[in-house]
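Throughout, a chain's letter reflects where its sequence line sits, starting with A, and its residues are numbered from 1. Owing to the predicted nature of the structure, the values given are computational and were not obtained by experimental measurement.
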Amino acid sequence: NAGVTQTPKFRILKIGQSMTLQCAQDMNHNYMYWYRQDPGMGLKLIYYSVGAGITDKGEVPNGYNVSRSTTEDFPLRLELAAPSQTSVYFCASAGGHTQYFGPGTRLTVL
Amino acid sequence: AQSVTQLGSHVSVSEGALVLLRCNYSSSVPPYLFWYVQYPNQGLQLLLKYTTGATLVKGINGFEAEFKKSETSFHLTKPSAHMSDAAEYFCAVSDRTGANSKLTFGKGITLSVRP
């Protein structure tokens with residue numbers, strides 16, 4: 001049981017490039033979330049999903065897109081990377097009032 | 001809208017001393033309450049949660065927290081700090097609309113433990 005996995009662990013992007021952050025869970029959870037963590041700011045919700053085919057915006061969705069074609073996978077897409085998107089990104093899935101977090105992806109945009 | 005306040009950004013204690021990390025929330029109705037811990041370069045791990053029932057909640061690694069509705073607080077304590085407790089701690093709340101509602105996090109507190 002791997003829990004929540006994220007790839008890649010680290011990535012450096014140039015301004016204007018695009019990329020997809022991958023997230024997968026093997027706990028059969030319907031609820032999944034994407035957060036970004038910036039120093040001293042806690043975690044901010046980007047997007048979330050309550051099941052395959054259903055997604056909704058969180059607190060800071062601008063510059064990001066998501067899709068949820070299966071229960072297991074919840075990728076986060078950055079279309080035109082900007083320096084303001086330099087952050088650590090965490091994916092989580094939820095069951096029984098508990099969110100389970102992946103190890104994170106550290107993204108730098110230069 | 002819900003909000004979470006964690007006063008201060010850093011707490012330093014000696015090994016063996018009491019750990020007290022404060023959390024206050026703002027919500028129109030009592031929410032679900034959580035404490036998460038983040039060790040360096042890792043994701044967040046649930047320490048404990050309050051959803052219903054007994055207001056004193058025990059979690060992993062000897063931590064506990066008490067929900068006080070009158071004070072809108074959910075402070076985290078541990079009687080005796082250990083070096084391995086050094087980490088960042090986040091208080092979070094969610095509303096009661098569903099079993100897995102969205103979390104609102106505080107800004108986090110870094111705990112340092114001195115030998």
Exercise. Test side-chain contact (heavy atoms from CB on, under 4.5 Å) on Arg106(A) and Asn41(B) and set out the steps.
Key: CA-CA 9 Å; Arg106(A) 186 174 296 273; Asn41(B) 300 313; 3.8 Å; yes
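Hydrophobic cluster membership differs between Leu107(A) and Leu45(A), with clusters built from Ile, Leu, Val, Met, Phe, Trp and Tyr side chains linked at under 4.5 angstrom. In terms of hydrophobic clustering, with Ile, Leu, Val, Met, Phe, Trp and Tyr side chains grouped at heavy-atom distances under 4.5 Å, Val4(B) and Val60(A) are assigned to different clusters. When hydrophobic clusters are built by joining Ile, Leu, Val, Met, Phe, Trp and Tyr residues whose side-chain heavy atoms come closer than 4.5 Å, directly or via intermediates, Ile60(B) is grouped together with Tyr50(B). Note: the hydrophobic cluster containing Val19(B) also contains Trp35(B) (ILVMFWY, side chain heavy atoms under 4.5 Å, direct or indirect links). No continuous path of hydrophobic side-chain contacts links Val88(A) to Ile46(A) [ILVMFWY only; heavy atoms under 4.5 Å].
Counting all heavy atoms, side chain and backbone alike, Thr98(A) lies closest to Tyr36(B) at C-OH, 4.2 Å. Among all heavy-atom pairs drawn from His97(A) and Phe34(B), the shortest one is O-CE2, 2.8 Å. Among all heavy-atom pairs drawn from Phe101(A) and Leu44(B), the shortest one is CB-O, 3.5 Å. Scanning all heavy atoms of the two residues, the minimum distance from Phe90(A) to Gln38(B) falls at CZ-NE2, 3.2 Å. Scanning all heavy atoms of the two residues, the minimum distance from Phe90(B) to Gln37(A) falls at CZ-NE2, 3.2 Å.
Within the 4.5 angstrom heavy-atom criterion, atoms from both the backbone and the side chain of Leu43(A) approach chain B. Residue Ile109(B) does not touch chain A at all, counting heavy-atom pairs closer than 4.5 Å. Only the side chain of Leu46(B) comes within contact range of chain A, judged by heavy atoms closer than 4.5 Å. Contact of Tyr35(A) with chain B is made through the side chain alone, with heavy-atom distances under 4.5 Å. Residue contact with chain A, scored on non-hydrogen atoms closer than 4.5 Å, is absent for Gln6(B).
Crowding of Lys107(B) atom NZ: a count of heavy atoms from other residues, nucleotides or ligands under 6.0 Å not exceeding 12. The local environment of CD1 in Ile12(A) is sparse, with at most 12 non-hydrogen atoms from other residues, nucleotides or ligands closer than 6.0 Å.
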